[in-house]
Amino acid sequence: MAGLAATGAMSVLLVAADVTGVMDYEPPRKIIDKFFPRLPLPLRNTAAIVAHFGYGIAGGSLFALARWKRPTVGTGLAYGAVVWAAGYEGWLPAMGILPPAHRDKPGRAVTVLVAHLLYGAVLGKALDRLTPAIPDGGGPEGEGNPLEEAVGKRSMSQSLPDSYVRYLADKDPVFIAAVLPVLEQSAATQDHGVHVRYLPGGIQALTDQAVPYPEVTEGVD
């Protein structure tokens, strides 16, 4: 959702630059023309739009998977700059689609940089609004630490090892609820560690023979 909103804001700026003549050939079209030159023009236009929004949504997903404790406009701006540098000083010139940004047309180079900064800022702000607040401790309304609350509610008969407690310390309540039962299972048997998978629809934790106890590994599966 945040990636879609950020890509939409970025697209408004790119279209405005195109209409006013600042940038006469938008990068998504150049990418599609490079890879699919024989497509009919209407299909190339549609493919460019789909690819542009798909790339932006994928970028938003990667930013979310970084699991910032609290995404901000600042972290989003930094991320947008990294995405811009990776593309316009990296893989796009390497594939012969565009010249490096520092040698590109000034109007297009500046517009694309500003568009990516706008993308990052909107992405950080949107994720900030979509991410539930994580209390640091007992507040004015008596909120407790989410890990302590989850552990207390489960009435554990054994304590988690320090490595598991440290792993969960900065995680949000939804993440803790999904992973804690498997960490408890691992702590009860002390046979294997835990592997946490980041899946398109959420997360999954499981004990893994390849992970020594009491360690936790992560992967995008």
Side-chain angles (χ1 to χ4, degrees), residues 1-37 39 44-131 170-172 196-200 203 217-221:
M1 290 174 63
L4 179 63
T7 307
M10 176 186 190
S11 301
V12 171
L13 177 60
L14 291 176
V15 170
D18 197 6
V19 170
T20 57
V22 175
M23 182 172 60
D24 58 352
Y25 199 4
E26 296 181 23
R29 266 295 308 277
K30 290 186 71 70
I31 294 170
I32 295 300
D33 288 348
K34 171 72 174 182
F35 289 109
F36 306 102
L39 276 179
R44 271 184 284 160
N45 290 334
T46 301
I49 294 171
V50 172
H52 174 60
F53 275 88
Y55 188 76
I57 293 170
S61 299
L62 287 176
F63 184 75
L65 284 174
R67 303 204 64 79
W68 304 99
K69 185 173 182 179
R70 195 71 192 178
T72 64
V73 171
T75 56
L77 282 169
Y79 182 72
V82 169
V83 172
W84 168 83
Y88 292 85
E89 292 287 0
W91 69 269
L92 286 168
M95 299 189 74
I97 298 173
L98 284 170
H102 63 276
R103 294 208 305 265
D104 200 1
K105 297 177 181 178
R108 181 165 60 199
V110 172
T111 300
V112 169
L113 173 58
V114 173
H116 279 76
L117 293 177
L118 175 62
Y119 168 85
V122 174
L123 180 63
K125 183 63 176 178
L127 276 174
D128 178 45
R129 294 178 64 88
L130 292 169
T131 302
D170 61 347
K171 302 298 191 294
D172 61 69
V196 177
R197 296 174 175 172
Y198 290 96
L199 305 173
I203 57 173
T217 60
E218 294 182 339
V220 180
D221 301 334

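- Nearest approach of A121 to L77, heavy atoms of both residues: CB-CD2, 3.9 Å.
- Between the CG atom in L118 and the OG1 atom in T7 there is a gap of 10.5 Å [rounded to 0.5 Å].
- A heavy-atom distance below 4.5 Å is not found between the side chains of Y119 and L13.
- Of the inter-residue distances, the one linking L14 atom CG with D18 atom CG reads 8.5 Å to the nearest 0.5 angstrom.
- Closest non-hydrogen pair, P99 versus R108, comes out as CD-NH2, 4.4 Å.
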Which pairs of donor and acceptor atoms, one on a side chain in residues 81-97, lie under 3.5 Å apart (sequence neighbours left out)?
| from | atom 1 | to | atom 2 | distance (Å) |
| --- | --- | --- | --- | --- |
| E89 | OE1 | H102 | ND1 | 3.1 |
| E89 | OE2 | H102 | N | 3.2 |
| E89 | OE2 | H102 | ND1 | 3.2 |

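- Once rounded to the nearest 0.5 Å, the distance linking CG of L123 with CE of M1 reads 12.5 Å.
- Shown here are the side chain to side chain donor-acceptor pair (under 3.5 Å) partners of S11, two or more places apart in sequence or in another chain: H52.
- What you find for A9 and V122 is that their closest heavy atoms are CB-CG2, 3.9 Å.
- Qualifying side chain to side chain donor-acceptor pair (under 3.5 Å) partners for T46, counting only residues two or more places apart in sequence or in other chains: none.
- With Y79 contributing its side chain and G124 its backbone, the two residues share no donor-acceptor pair below 3.5 Å.
- Taking CG of L62 as the reference point, atom CD1 of I57 lies at 12.5 Å (rounded to 0.5 Å).
- How far CZ of R44 is from CZ of F36: 12.0 Å, rounded to the nearest 0.5 Å.
- In this structure, M10 and A115 approach most closely via the heavy-atom pair CG-O, 3.6 Å.
- Nearest approach of A17 to T111, heavy atoms of both residues: CB-CG2, 3.5 Å.
- Of all the heavy atoms in D104 and A109, the pair that sits closest is CB-CB, 4.2 Å.
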